[in-house]
Each structure stands twice: as structure tokens, then as C-alpha cells.
Amino acid sequence: IKCFVVDVKQGMRGPEITLSRSHPALVKQLFALEVPEIGDRIVEIMGIAREAGHRTKISVRTHRSGVSAKGALIGPMGARARAVMDELHGEKIDIVRWSDNPVELAANALNPADIISIEVDSENKAIHVVVPQDQLSLAIGKRGQNVRLAAKLLGWKIDIKSEEEKRQEMQNAITLLSTGAPVSTIPCVTVEATRPADVLFRLICDSVLAFDRDILTNAPDGIALFER
């Protein structure tokens, strides 16, 4: 049986060793045994998020052109990844390509769900994701597992909305701004501008580009506010 050594210390009756099979580092070490490119420092595991016994997400990168980091961990016919999963009694493992760009890494971590848009709030380390309605449950995962592991892997909060939810949110924001509501009271406004007219203009542009002009039909006063 393979375990990860968490701690070694001198106890009352001699040396005490703490072992774990649920520690995320166990998965890393199991792949190191199976993937020679890791020992050769051609491929590197950048992050691991794990819910032991259920699912693990791993981000990987390559240090050599022409070498696929994902392919190295998966192995010929999936043999390397399958060997690790067998050792973990069938625990599912998602291998994603690492990126220093949080938008790209978030999209990779939420795979296989299709992504419409990703907005980054660097100040609060939050990522807002919009997906098609039929992809919402896939992106979130069973009992929220997929998005939860993706958030752990990134170290950012991830908020996922369907396209329809986002459309309604933006329409509500445009309506509120057109009635003179303070910018600070609009939940979905993350732009730096504080003048209602500036924020309204940004929301209108984003709405038209991301969805369609029909989103503006319920807020005709908003156009007048911008023109002033």
C-alpha cells in the first residue's frame, strides 16, 4: 500500500510516523512514480485540488517545446493516469493545462463545460463565469464539486451563472441605473467608473456585445441618462 508521509516525530514510545492516503501530495507522488518526465523536470505539476475518494484536479505545465504536459501524465492509451486512479481505487482525476492567466486557467479547470465569458475581479480574487443554460449543471458539477475543485486549484472564488441569469442581471442593472440608483447599490457592477452615466454606457455596450439589443427594451430611460 502506498501512503504519503505527513510527519515524523519523536514520541513517548519512540519515533512516530503519520501517514495519509487522503493528502493531495499523494497524488503528486504517484504521478512522479509513473511519469519519468516529472523526474527529468520536463513536466511540472503546478497545483492539486483534491476531494479524496471522489475527484482530483491537477494543473500541469511543460518546460520543453513539443512535449505535452497533459499527454505525459495521461500516458500511452491512458496507462499512466489509469495506474494512478487504480491505486486510488477509481478516484477520478482531471488533468488541466496550467496558465499564469487566471482566465485561461479557469476555462481549463472548468472543462468540459463550454464557457461564454469570464470576467476577473482581481481586487477580490473572484472570477465570474457565464455558461450556456444547458452547460450550467456540468460546470458546477454534482453537489458543486467541479466548481469547488476549480476554485481550490486557482485559489480564487468562482461564481457561475447561466447566460439567461446574466442577461437578466444586466437588464436589471440597466433599469436601476436609468432610474437614478447609486452605482454602489448595483450588485453586478464591477467597473471602476462611479458616474452612473459612465457605468450605464459600459453595461449597455457589454449587453449588446454579449447578448442582443433586446436587453435594452425595458430601460429606455437609460439611453436618455447617458445622453445627458
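These numbers come from the heavy atoms of this one structure, side chains and all, not from hydrogens, waters or symmetry mates.
What you find for Glu51 and Gln145 is that their closest heavy atoms are OE1-NE2, 3.2 Å. Closest non-hydrogen pair, Arg80 versus Pro36, comes out as NH2-CD, 3.7 Å. Closest heavy-atom contact between Gln135 and Asp114: OE1-N, 3.0 Å. Here the closest heavy-atom approach between residue Lys125 and residue Trp156 is recorded as C-CE3, 3.2 Å. Taking both residues in full, the closest heavy atoms of Ala109 and Asn146 are given as O-OD1, 4.2 Å, listed atom of the first, atom of the second, then distance. Between Ile45 and Phe31, the closest heavy-atom pair is CD1-CB, 4.1 Å.
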Let's go through Leu110 and Ile115 carefully: what are the C-alpha distance in whole Å and the side-chain angles of both, what is the deciding distance for side chain to side chain contact (heavy atoms under 4.5 Å, CB included) to 0.1 Å, and is it a yes or a no? CA-CA 8 Å; Leu110 291 170; Ile115 307 296; 4.1 Å; yes
Step-by-step side chain to side chain contact (heavy atoms under 4.5 Å, CB included) determination, Arg21 to Phe4: CA-CA 6 Å; Arg21 280 185 56 84; Phe4 179 74; over 6 Å; no
May I have the step-by-step check of side chain to side chain contact (heavy atoms under 4.5 Å, CB included) for Ile58 and Lys28, ending in yes or no? CA-CA 9 Å; Ile58 301 177; Lys28 183 176 183 178; over 6 Å; no
Could you walk me through whether His128 and Ile158 pass the side chain to side chain contact (heavy atoms under 4.5 Å, CB included) test, one step at a time? CA-CA 6 Å; His128 305 282; Ile158 298 180; over 6 Å; no
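Panel note: side chain Asn101, backbone Val103; a donor-acceptor pair is recorded below 3.5 Å. Side-chain atoms of Glu91 come within 3.5 Å of backbone atoms of Gly53 as a donor-acceptor pair (strictly under, hydrogens ignored). Listed for the Ser59 side chain is a donor-acceptor partner under 3.5 Å among the backbone atoms of Gly47. Without hydrogens or angle criteria, Ser162 side chain to Leu136 main chain gives no donor-acceptor distance under 3.5 Å.
In this structure, CD in Gln29 is found 10.5 Å from NE2 in His23, a value given to the nearest 0.5 Å. With rounding to the nearest 0.5 Å, the separation of CG in Leu154 from CG in Leu105 is 4.0 Å. Distance CD1/Ile127 to CG/Asp121: 10.0 Å, rounded to 0.5 Å. Note: Arg64 CZ to Arg41 CZ = 13.5 Å, rounded to the nearest 0.5 Å. Rounding to the nearest 0.5 Å places CZ of Arg55 at 14.5 Å from CG of Leu88.
When side chains are defined from C-beta on, Thr62 does not count as touching Ser68, because their heavy atoms never get closer than 4.5 Å.
A side-chain N or O of Glu44 and one of His63 form a donor-acceptor pair less than 3.5 Å apart. Neither side chain, Asn108 nor Asn111, offers a donor N or O lying under 3.5 Å from an acceptor on the other.
If you run side chain to side chain contact (heavy atoms under 4.5 Å, CB included) between Leu153 and each of Lys57, Arg50, Met46, only Lys57 comes through.
Counting heavy-atom neighbours within 6.0 Å of Gln10 CD, excluding the residue itself, gives a total above 12. Residue Arg61 qualifies as enclosed at atom CZ: its count of foreign heavy atoms under 6.0 Å is above 12.
Taken together through direct or relayed side-chain contacts under 4.5 Å among Ile, Leu, Val, Met, Phe, Trp and Tyr, Leu149 and Val147 form parts of separate hydrophobic clusters. Hydrophobic clustering, with ILVMFWY side chains joined whenever heavy atoms are under 4.5 angstrom apart, keeps Trp98 apart from Val60. Clustering ILVMFWY residues whenever any of their side-chain heavy atoms sit less than 4.5 angstrom apart, transitively, puts Val129 in a cluster other than the one holding Leu138. Under the 4.5 Å side-chain heavy-atom criterion for Ile, Leu, Val, Met, Phe, Trp and Tyr, Ile95 and Ile42 are members of the same hydrophobic cluster. In the hydrophobic clustering of this structure, Ile48 groups with Val43; members are Ile, Leu, Val, Met, Phe, Trp, Tyr whose side-chain heavy atoms approach within less than 4.5 Å, directly or through other members.
Ion pairing between Asp159 and Lys161 holds under the 4.0 Å rule for side-chain N and carboxylate O. A salt bridge does not link Glu163 to Lys166: none of the charged nitrogens lies less than 4.0 Å from a carboxylate oxygen. Here Glu87 does not pair with Arg82 in a salt bridge; the nearest charged N to carboxylate O distance is not below 4.0 Å.
Counting side-chain heavy-atom gaps under 4.5 Å among Ile, Leu, Val, Met, Phe, Trp and Tyr, the cluster of Val8 also holds Val5, Ile17, Leu19.
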